[in-house]
Amino acid sequence: MSVAGFKETLKDAVRQMSFRTSLDNLKKQGVQQVNVLGIDRIIALIEAAVHRSLKSRLVGVEREAVADATKAEFLRLLRTNEDLQRQKTEIERQKELVEEEVDQLRRDLSAQQRALELKLEEGALAMATRYEGENAAIAAKVRDVLRALAATGGASIVDAEERVMALVMDIVTVERQSADEARKALHDREVGTLQRRIKKLNESLDQTEKRLQTVAAMKSLDGGISSIYREVQGVDPADTQAGKKKELMAEIFKANLRLQKKA
Amino acid sequence: MSETKQTPEAPKKDHGVLYIGMDLGTSRTSVSASNGVRETVYSMVGYPKDVVSMKLLKKDVLFGKEALDKRLSLKLYKPLEKGVLKYTGDAAKDAEAKANLKAAQDLIGEAIRLARPRKDELIYCVIGAPAEASVKNREAIIEAARAHVDSVMLCSEPFSVAYGLDWLEDVLVIDIGAGTTDLCRMHGTMPEETDQVMFDIAGDAVDEELARRIAETCPGAQFTIHMVKEIKERYGFVGDPSERCIVELPVDGKPTPFDLTEQIRGACAILIDPILKGIHKLIASFDPQFQTKLKNRVLLAGGGSMVKGLDTAVEKAMKERLGGGKVIRIEEPVYGGANGALKIAHDMPADFWEQLK
C-alpha cells in the first residue's frame, strides 16, 4: 500500500472511531471549552509520533520492518472491524427473515384454529338435523303399520303397537349405531388431522421463536473494542515522578491486598 | 475472574490488556478505558414492577436515563447515597438492603459493559471509591466488580483526580459529588485520614435547597426533584448571572414561566461556606512552609464543580478569609475521577494485578 493510500486509510479509521456530539451535550458533561484539531493535523501528528518513536528506538532495516509490521497490524484490525460489521448486517438480515417466518406461522396457526372451530360447529348442527328427520320418518312408518293392523282387526291395537314399535326401534337403534360409528370415524379423522396440523404448527412456532431469540441475542453481542495495550504497562521509567508513583502504586496495592484477602 | 473460572469454554485472554477507570458516584457513574471509550450513566437501576411492565419494556433491568424515563413502570433504585452504597452489611435480614446491593452490583456490571471490553482481553479495573466508604462497602464494591473483570482495585476518589492530572505534591483537591464533597490534600504520599475532610453538603443538598426555595417562591408550581436537578445542571451558578434563568414549570397542568435566577444562585451558594471551612482546616494544619503553595494549588473537580462561577467565588472567599489563593477547575469534571483511576490502572505493575486475581 502506498503512503498516500495508508494516510487515507488512517484518516477513515480516525473518522470511524470518532463520534458526533452537540455543544449542549459537551456542556452537560462539564466541558466548557474545546480545542479543535483538524483531521489532517491528527493524522500528521500520529505519523510524526510514530516516526519519532521509531527513529529514537530503532535503526535502519529494523525500523522499516517494525513500520511494515505496524501497518500490517493496523490493516488487520481494520479488516477485523469490517468483518464484524458484515457479520452484524448478516445477523440483522437473518433476524428479519425469522421474524417474517414467525408472523407467517402465527397467521397459519390462527387460520387452522378457525377452520377447526367451524368444522366442529358444523358437525354438531348437521347431526342434530339428521336425527330429527330420521325420527320423523320412523314414526310415520310405525303409524302406517298400526293403521294397517287396525284395518285387519283381531289383536288389540295397543299390543300390536307395542310390538311393532319395539321391533322398529330395535332395527333403528342398530342402524343408528352403525351409522354413528361411521360418521364418528370420519369426524375423528378430520379433527385428528386438524389437531395434528395445529400441533405441528405450534412446534414450528416454538422452534422459530427460539431461533429468533438466538438471533436477537447474537445481534446484541458486542465484539468490544480493542485496548491500545497488548501487555501490562506500569509506570513509565522516563516519567520524572516515576519513583514517587511506584511508591504510591505499592501503597494502593497493599491496601487492596489487605481488603481483598480479608474479603 | 479467578483461574478456576478458566473453563474450556472461557475465551483465551491473549489479545491484550484493557484498563478501566471507574468513578462510582451517587449521581453518575463514569468509566474511561484504554480502548478510548468514555461513558457516563446516571447511578440509577430499575427493575420492572410486574409481568406487564416486563413484557412492555422487554428488559429485566434498566439503567441511567432510560430507567429514569421509564420510572413509572419500574422499581427504581439509587444504590448509592452520600457517596456510599446503601448497604449496611446485613442484607440477609433486610430485603431493601439486599435489593440495593443487587442494584449496585448490576450498576457496576453495566458500567464495565459500557467500556465495551473484548472477551479475549484481560480486564484490569480501578474504581474510585469514596474516601469514607466502610470496609463492608468496599468489599461489596469489590465483589460486584469481580464478576466482570480479571482484577480490581479501589482507590480514594480525590486521590485519583489528582493522580490523573499528575499533581501529586502540595495540591488540595475538592471533589464535589452528588452525595458528598471530599477535600483531600496531597503531599507526595498516600493521603491519610488527617489529610481528608468530607461533608454531605453537595449536589443533592443543592437540589433540596433549590426545591425548597422554588416551593416557597413559586406558588402552584409543580415539580419533582429530578426536574430540579435538571434545572440546576443547566443553569447552576454563583456570583453574577450571565443570563436570567427563566424556567417553565407546570401550574395546574399549564406550563408557566418562572424566573428562578435568585433561587438558583442562593441554592448553589450553600456549597461555598463548608468548602471554605474545609480548605481552612486542611491548610491551617499543613506544614507552614508549604501553606502558600497549597493555597495556590486548589483543584475543583466532580459534577458539582460545573456550577458556573464557583471557582471564582471560592477564590474570592479564600482571599477574604485566608489572604488569597488560586482555584483551578479541572477541564472534565465528569471524567476527572475515571481518568485518574485509568491512569492508576495503567501505572500499576503486572505482579500487583496478578496477586489480586
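All chains are named by letter (A, B, ...) in the order of the sequence lines, taking the proteins before the strands, and each is independently numbered beginning at 1. Both backbone and side-chain heavy atoms feed into the values below; hydrogens, waters and symmetry mates do not.
Heavy atoms of E121(B) lying under 4.5 Å from chain A belong exclusively to its side chain. With a 4.5 angstrom heavy-atom cutoff, A350(B) touches chain A via backbone and side-chain atoms both. The contact between K343(B) and chain A is made entirely by side chain atoms (from C-beta outward), counting heavy-atom distances below 4.5 Å. Only the backbone of K27(A) comes within contact range of chain B, judged by heavy atoms closer than 4.5 Å.
Although no hydrogens or angles enter the test, the distance criterion places no donor-acceptor pair under 3.5 Å between the side chain of D150(B) and the main chain of Y124(B). Between the side chain of E332(B) and the backbone N or O of I330(B) there is no donor-acceptor pair closer than 3.5 Å. At distances below 3.5 Å, at least one donor-acceptor pair connects side-chain atoms of Q260(A) with backbone N or O atoms of V152(B). Looking at R28(B), its side chain never comes within 3.5 Å of a backbone N or O of A178(B) through a donor-acceptor pair.
Residues V126(B) and C155(B) come closest through the heavy atom pair CG1-SG, 3.9 Å. Closest heavy-atom contact between M22(B) and V31(B): CG-CG1, 3.8 Å. The shortest heavy-atom contact between M186(B) and A162(B) is CG-CB, 3.8 Å. Among all heavy-atom pairs drawn from S151(B) and K357(B), the shortest one is OG-N, 3.8 Å.
Interface with chain B: from residues 234-245 of chain A, residues G234(A), V235(A), Q241(A), K244(A), K245(A) qualify, criterion being any non-hydrogen pair under 4.5 Å.
Ring geometry, W353(B) versus Y19(B): the interplanar angle falls from 30° to 60°, so the pair is classed tilted.
Counting heavy-atom pairs under 4.5 Å between each of I252(A), N256(A), I228(A) and chain B puts N256(A) at the top. Taking chain A as the reference chain and counting heavy-atom pairs below 4.5 Å, the highest number among T189(B), L154(B), L18(B) is found for L154(B). Counting heavy-atom pairs under 4.5 Å between each of M306(B), M348(B), E331(B) and chain A puts M348(B) at the top.
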